[in-house]
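Taking it in order: structure first as structure tokens, then the write-up.
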Amino acid sequence: LSTGAARNVVDRVRADFRGVHGSEDDAAWASTAAMALVWKDVKEPYVETVLGAAAQTLLESGEPAEAAFGDPRAWADAQLAWLRSEGFDALDSRSGPVPLRVAVENCLWLAAWFGLLFGVVQLVDLLPGREPWELTTVRALCPALLAACCSITYGVYAWVRPRRPFAESIVLTALPMAVCTCATAVLLMVLGEVGPRLPWPWTFALAPAYGLLAWMVGVLPSRASTTEPVTEDLVASRALDTEGFSRRLAAALRSRDDLGDATIDATVAEARSHLEDSGNSAAVEFGSPEGYANTVPTDARVRPRRTMLLYGSLVCAWSILLVAEAAEHGVTLSWALGTYAALVLLCVWGWINAYKDWRRATHARNASSGRRSGD
Amino acid sequence: MDDLETPLWPQAWVRALMPTAILACLEAEDLHGYAIGQALGALGFGIPRGGSLYPALARLDEAGFVSTQWRTGPSGPARRIYSLTDAGGRELAAARAALHNVSASLGASPAPGPRVAAGQGGGEPR
């Protein structure tokens with residue numbers, strides 16, 4: 001879902017819940033639950049269906065949403081698990097190219113967030129001992145350049161991930177990320193002081209300006225698709241032979257990012273041997289590969305393990321910068337040294353949280369293994 | 001001979017009892033996925049499609065009720081073989097007792113029909 005489409009779903013769901021008892025708390029609950037589902041790539045019709053059923057339950061029970069369903073994020077997790085267990089093709093896992101308008105809109109929203117960060121940095125620079133900086137043309141473009149770097153990096157990852165194992169995907173994504181980062185740095189150095197400059201308070205206009213641009217792109221009329229995507233998927237799935245099915249199944253499983261490579265290989269191998277035994281077509285036995293991929297239970301250890309890897313890398317990177325800063329300017333109390341130290345601590349905290357999640361998931365897995373071996 | 005692909009029981013029962021039926025299939029011997037499908041057909045559950053069978057097997061594996069290992073046969077590809085664990089056996093016994101109680105509370109005859117006996121893994125289904 002594009003940011004604009006997601007916002008429309010959330011707005012509709014919010015209005016539905018507000019209409020049940022006229023409660024703003026219920027509307028806020030529905031908004032959080034809808035965002036949690038959208039964030040997990042649940043397709044728009046399914047988000048509206050499960051929340052529509054919940055609104056109906058509220059109407060009949062007369063209870064507030066929090067009392068009836070508990071925490072909205074936990075409720076969203078439970079709904080997703082149910083959709084998966086029932087075999088619904090409810091997740092938007094198609095790995096096709098993102099439409100240009102959606103890509104530009106999302107990039108501009110990201111630029112707005114970077115603009116907000118620039119505002120925060122400007123506030124920090126207003127503290128005693130520091131000078132606020134003027135807004136040059138290059139600085140005004142910086143949020144857009146950084147957002148473009150992030151979008152390109154993510155786009156490359158999203159393209160590579162369904163095709164290669166996790167470790168290879170990371171290496172292949174790091175390459176364009178390095179190129180984009182270097183290109184941005186060169187651009188900033190070359191254009192450094194070129195163009196008009198504005199007083200520092202204009203920095204706070206960056207986030208609203210990019211947000212306005214993103215909103216304008218979001219409301220542009222888009223070309224209507226003549227065929228429903230679900231229909232396209234089903235038609236394409238029917239024509240798949242075992243090889244094609246295996247390839248698309250592996251791609252869909254990798255795109256989920258919550259399964260290890262061994263699980264993915266085993267799932268594909270098992271589906272292949274089943275097709276050989278049964279002699280039926282892949283579409284008859286498994287439906288669309290993307291739909292089948294969504295029914296494979298999550299391995300709760302995978303995401304925390306990869307998050308630990310990410311935070312571990314960030315801790316190393318910020319520590320290197322911290323040491324370099326200290327070596328260049330000495331270990332004195334400075335904003336730069338304090339910022340790097342804070343980032344190291346923040347990433348260590350993130351790593352510890354991911355480790356706790358990983359340990360919890362591993363204990364749960366070991367408990368079921370204990371049951372397997374008869375305790 | 002009945003058509004193994006067509007369930008003998010209502011669809012809602014088949015969906016609800018599929019995990020228990022899988023455990024019953026594995027009680028006598030270890031089986032691979034396709035063979036489990038055939039065994040379910042023989043129990044009157046219809047031969048499930050791969051898209052329903054393997055997610056159910058994965059959830060049983062996750063719960064510790066079945067264990068798996070890959071075995072390479074004399075011909076053909078390696079297969080994942082499923083075995084009933086002790087916890088799976090206990091789960092199956094508990095499910096059977098619960099189903100018996102349901103049947104009793106509905107006032108059914110104490111002597112189960114041949115298909116119910118088959119569902120309990122007690123012999124030739126038909």
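Keep in mind the model is a prediction, meaning the values are calculated, not measured. Just so it is clear: chains get the letters A, B, ... in the order the sequence lines come, proteins before strands, and each one is counted from 1.
Scanning both residues, B:Arg80 and A:Ala266, for their nearest heavy atoms gives NH1-CB, 4.0 Å. Taking all atoms of both residues into account, the shortest heavy-atom contact from B:Glu62 to A:Pro297 is OE2-CB, 3.8 Å. In terms of heavy-atom proximity, B:Pro55 sits nearest to A:Thr295 at CG-OG1, 3.2 Å. Heavy atoms only, all atoms of each residue included: B:Trp70 and A:Ala269 are closest at CH2-CB, 3.8 Å.
Other residues, nucleotides and ligands contribute more than 12 heavy atoms inside 6.0 Å of the CZ atom of A:Phe69.
Contact of the B:Tyr34 side chain with the A:Ser278 side chain is registered, since non-hydrogen atoms from C-beta on lie closer than 4.5 Å. With contacts defined as side-chain heavy-atom distances shorter than 4.5 Å, the pair A:Asp277/B:His32 qualifies.
Put simply, the side chain of A:Glu285 never gets that close to the backbone of B:Arg49: no donor and acceptor are under 3.5 Å apart.
Of the atoms belonging to A:Asn280, it is side-chain heavy atoms, and not backbone ones, that fall under 4.5 Å from chain B.
The distance from the CD atom of A:Glu276 to the CZ atom of B:Arg79 is 8.0 Å, given to the nearest 0.5 Å.
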